[in-house]
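Every chain is numbered from 1 and lettered A, B, ... according to where its sequence line falls, protein lines coming before strand lines.
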Amino acid sequence: MGKAKEKQEEVPYAESHLYKIRHSAAHVMAQAVIEMFPNGKVAIGPPIEDGFYYDFELPRALTPDDLDKIEKRMRKIIKGKYAFERQELSADKAREVFADQPYKIELIEGLESGGYDEYGEKIEEAPVISIYKHDTFEDLCRGPHVENTGEINPSAVKLLNVAGAYWRGDEKNTMLQRIYGTAWESVEELEAYLERLKEAQERDHRTLGRELDLFSFSQDVGPGLALWHPNGGRIRAQIEEYWSQRHREGGYERVYTPHIGKANLWQTSGHLNWYKDGMYAPLTIEEQEYYIKPMNCPFHIAIFKSQMHSYRDLPMRFAEFGTVYRYERSGTLHGLMRVRGFTQDDAHLFCTLEQMPEEILGVLEFSLSILRDFGFQEFDIELSVRDPKNPGKYAGQDSDWKMAEAALISAIEKLGLSYRRVEGEAVFYGPKIDIKVHDALNRTWQITTIQFDFWLPEAFEMEFVGQDGEPHQPYMVHRALLGSMERFFGVLIEHYKGAFPVWLAPVQAELIPIADRHFDYAYDALAKLKAAGLRAEVDDSGDRMGNKIRKAQGQKVPYMLVIGDREIEEGAVSLRLRSGEDLGATSVDDFIAMAQEAVKSKAQV
RNA sequence: GCCGAUGUAGCUCAAUUGGCAGAGCAACGCUCUUGUAAAGCGUAGGUUAUGGGUUCGAGUCCCAUCAUCGGCUCCA
């Protein structure tokens, strides 16, 4: 993976040969589709990470059978070695060529007048309009392409699935049919990619969640509302315990707040103005309206405001596992990754302007340190700032924004990290840093968010008394470190493929007596393990040893302790790891020491 | 929410053109007392997601609803 990255840095993907192959494969696919549906309309078809797609408007829905046919036809076209011919032409001429292709006409208008590209993004100056033609298919396209279709490896192309996609990604527009495909230089690369997809599927937290009995959803309870089972609960309790300890050490105070609050609170906070779509309908209690909380901040602010504060009290750091409920559209729910009720490991920092840089540095360092303990080593850091073209849509003073951005950058740089600056991605109330982690398959997941807030301190008229005896407004930072417990758990499951490190494993050791006469010894050993703080159980089912091992392997238990006549005679247990390694006889005490060390060091196994 | 697909036992899946809902695993019971990834035999388990409709007859065809899956949009 590291190598691939280096290679990418040498030649940017958009200029690589593979990019051209995929772009060309998209054209070939479009030709095959249009041959099948001569009146079909084509939209756009770019290369993407690992493949390509093309969007169509067709008279009927495509079936998997259609994909097979299209794929077969593509191979024939490829073998025809048709040259890709580029031609530049005027907008008027282009309109003639694509007279019966409304989406292309719209693209041409964009290119000509406003200077918008096919993704609807503004481009500086109106570009030259070009078309690429191969065999019978011609497409409005800036290229580049391979010389001829023969450069595409027909055995390294595969169509994957059909999906709906809005024209230009806007839900007000027509829904088109998108065909996703993948293309590589060699069959081996294609197979490796398909293997990667399979690997991702095997790690799917929804499947593992059922197999390991971690969590479920119930039709009776409702969609997007997760039920944590005892095994998932054990892991979560472990995470929360560790988190609590780190936060105590890190100078956070633990707070607890209710799940609902009066309408007025949400009016003041601004949520009813700009977050109403994400909130559930109000409850009426004694003629007062209450809302279920979509965020915890107003409550933490209420705690802050419950008394006068001196500058000497600052910084103050309030942390809470705050359970929030947000309306998510039904089609967006996805296992634990996207739910309607979730618990944020939320915290709010209140401080003076002078304290701000140190607070930011502290919270960033703190976050990375905790994420590393969960086995994440690589991070993408994104700095989201204002859209310079649209300064009107943000709260706060210009100077605040500059100060905040400088504080964020300085913290990132002090830690020697690289980051990506994203304009226009800031929340309206302030800039933010997001941390994405890379998992075991090198996929990235948004986890941590650290957000400045210039709005709430003002909206709630927060104050502290400064050294000068005058009231001042504190600065405020929101931060969710693990993000949501649900999503974080989902990511952990996929990262570890369900094989949690010893400190998190729901069952750390499975005691496996070979025959009934070994049960009592096993129960004695179990008592010792439990007394030592380990999570263990005895498999006293009627199964044979082989099946007991198989079951424990399936549950991904890190240690299996086999007990038979020999072990009892030696006062030992026979230690098997879930890797399959047989470490042989070990005394119970030695095993306890070893397991405790693995827990303490959070050993990644 | 939108486009498309799917929904049969706890799980994985069968069931010919519309013609008696079935298997493996899991569960439970009995026998065996076992040496590093599946012992044998037996028992039980279902209003085929839900509600309507067509039909002599519906798991199968039609309509609606719900949920899930692949995407789009949105996001912790």
Between [options], which nucleotide has the shortest distance from any of its atoms to the side chain of [X]?
{"X": "A/Q219", "options": "B/A67, B/U34, B/C75", "answer": "B/A67"}
{"X": "A/D516", "options": "B/U36, B/A38, B/U34", "answer": "B/U34"}
{"X": "A/M175", "options": "B/G1, B/C2, B/A76", "answer": "B/C2"}
{"X": "A/Q344", "options": "B/A76, B/G71, B/G35", "answer": "B/A76"}
{"X": "A/I549", "options": "B/C74, B/U36, B/U68", "answer": "B/U36"}
{"X": "A/R517", "options": "B/G70, B/U33, B/U73", "answer": "B/U33"}

Determine: side-chain N/O of [X] to OP1/OP2 of [N], distance under 4.0 Å, yes or no.
{"X": "A/S330", "N": "B/G1", "answer": "yes"}
{"X": "A/R206", "N": "B/C69", "answer": "yes"}
{"X": "A/R544", "N": "B/G40", "answer": "no"}
{"X": "A/R210", "N": "B/U12", "answer": "yes"}
{"X": "A/H334", "N": "B/U68", "answer": "no"}
{"X": "A/R578", "N": "B/A37", "answer": "no"}

For the pair made of [atom1] in [X] and [atom2] in [N], what is the distance, rounded to whole Å?
{"X": "A/L58", "N": "B/G4", "atom1": "CG", "atom2": "C1'", "value": "13 Å"}
{"X": "A/D539", "N": "B/A37", "atom1": "CG", "atom2": "P", "value": "15 Å"}
{"X": "A/D565", "N": "B/G35", "atom1": "CG", "atom2": "C1'", "value": "10 Å"}
{"X": "A/D543", "N": "B/U31", "atom1": "CG", "atom2": "P", "value": "16 Å"}
{"X": "A/E211", "N": "B/C11", "atom1": "CD", "atom2": "C1'", "value": "9 Å"}
{"X": "A/N173", "N": "B/G1", "atom1": "CG", "atom2": "C1'", "value": "15 Å"}
{"X": "A/R60", "N": "B/A5", "atom1": "CZ", "atom2": "C1'", "value": "15 Å"}
{"X": "A/Q446", "N": "B/C75", "atom1": "CD", "atom2": "P", "value": "11 Å"}

Could you tell me which nucleotide pairs with [N] by Watson-Crick or G-U wobble geometry, both distances under 3.5 Å, or answer none if nothing does?
{"N": "B/G45", "answer": "none"}
{"N": "B/U68", "answer": "B/A5"}
{"N": "B/C32", "answer": "none"}

Reckon [X] touches a base, only the sugar-phosphate, or nothing at all at heavy-atom distances under 4.0 Å?
{"X": "A/A480", "answer": "nothing"}
{"X": "A/N161", "answer": "sugar-phosphate"}
{"X": "A/N547", "answer": "sugar-phosphate"}
{"X": "A/V324", "answer": "nothing"}
{"X": "A/E567", "answer": "base"}
{"X": "A/G169", "answer": "sugar-phosphate"}
{"X": "A/R576", "answer": "base"}
{"X": "A/G164", "answer": "base"}
{"X": "A/G546", "answer": "sugar-phosphate"}

- Would you say A/Y180 stacks on B/G71, if stacking means ring centres under 5.5 Å apart and planes within less than 30 degrees?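 The ring of A/Y180 is not stacked on B/G71.
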Using a distance-only criterion (donor-acceptor N/O pair, under 3.5 Å, no hydrogens), is the base of [N] paired with the side chain of [X]?
{"X": "A/R329", "N": "B/C72", "answer": "no"}
{"X": "A/R340", "N": "B/A76", "answer": "no"}
{"X": "A/Y166", "N": "B/G71", "answer": "no"}
{"X": "A/E328", "N": "B/G1", "answer": "no"}

- Strictly under 6.0 Å, is that where the ring centroids of A/Y54 and A/F56 end up?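 Yes, ring centres under 6.0 Å apart.
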- Message: For A/H205 and A/H334, take the angle between the two ring planes, folded into 0 to 90°, and tell me which bin it lands in: parallel under 30, tilted 30 to 60, perpendicular over 60.
- Response: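 The rings of A/H205 and A/H334 sit tilted, inter-plane angle from 30° to 60°.
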- Message: Below 30° counts as parallel, above 60° as perpendicular, anything between as tilted: where do the rings of A/F215 and A/F217 land?
- Response: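 Answer is perpendicular, since the angle exceeds 60°.
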- Message: Quick check on RNA chain B: between A/L176 and A/F217, whose nearest nucleotide comes earlier from the 5' end?
- Response: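 Nearer the 5' end of the strand: A/L176.
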- Query: Hey, which of these two, A/A165 or A/G542, hits RNA chain B nearer its 5' end, going by closest nucleotide?
  - Reply: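 Comparing both residues, the 5'-ward one is A/G542.
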- Cationic tip of A/R22 above A/F52 ring, under 6.0 Å, 45° of axis: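 No, a cation-pi geometry is absent between A/R22 and A/F52.
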Looking only at the side chains, is there a donor atom on one of [X] and [Y] sitting less than 3.5 Å from an acceptor on the other?
{"X": "A/Q553", "Y": "A/R576", "result": "yes"}
{"X": "A/E106", "Y": "A/W167", "result": "yes"}
{"X": "A/T257", "Y": "A/H300", "result": "no"}

- Query: Taking atom CD of A/E567 and atom CD1 of A/I512, what is their separation to the nearest 0.5 Å?
  - Reply: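 A/E567 atom CD to A/I512 atom CD1 measures 11.5 Å (nearest 0.5 Å).
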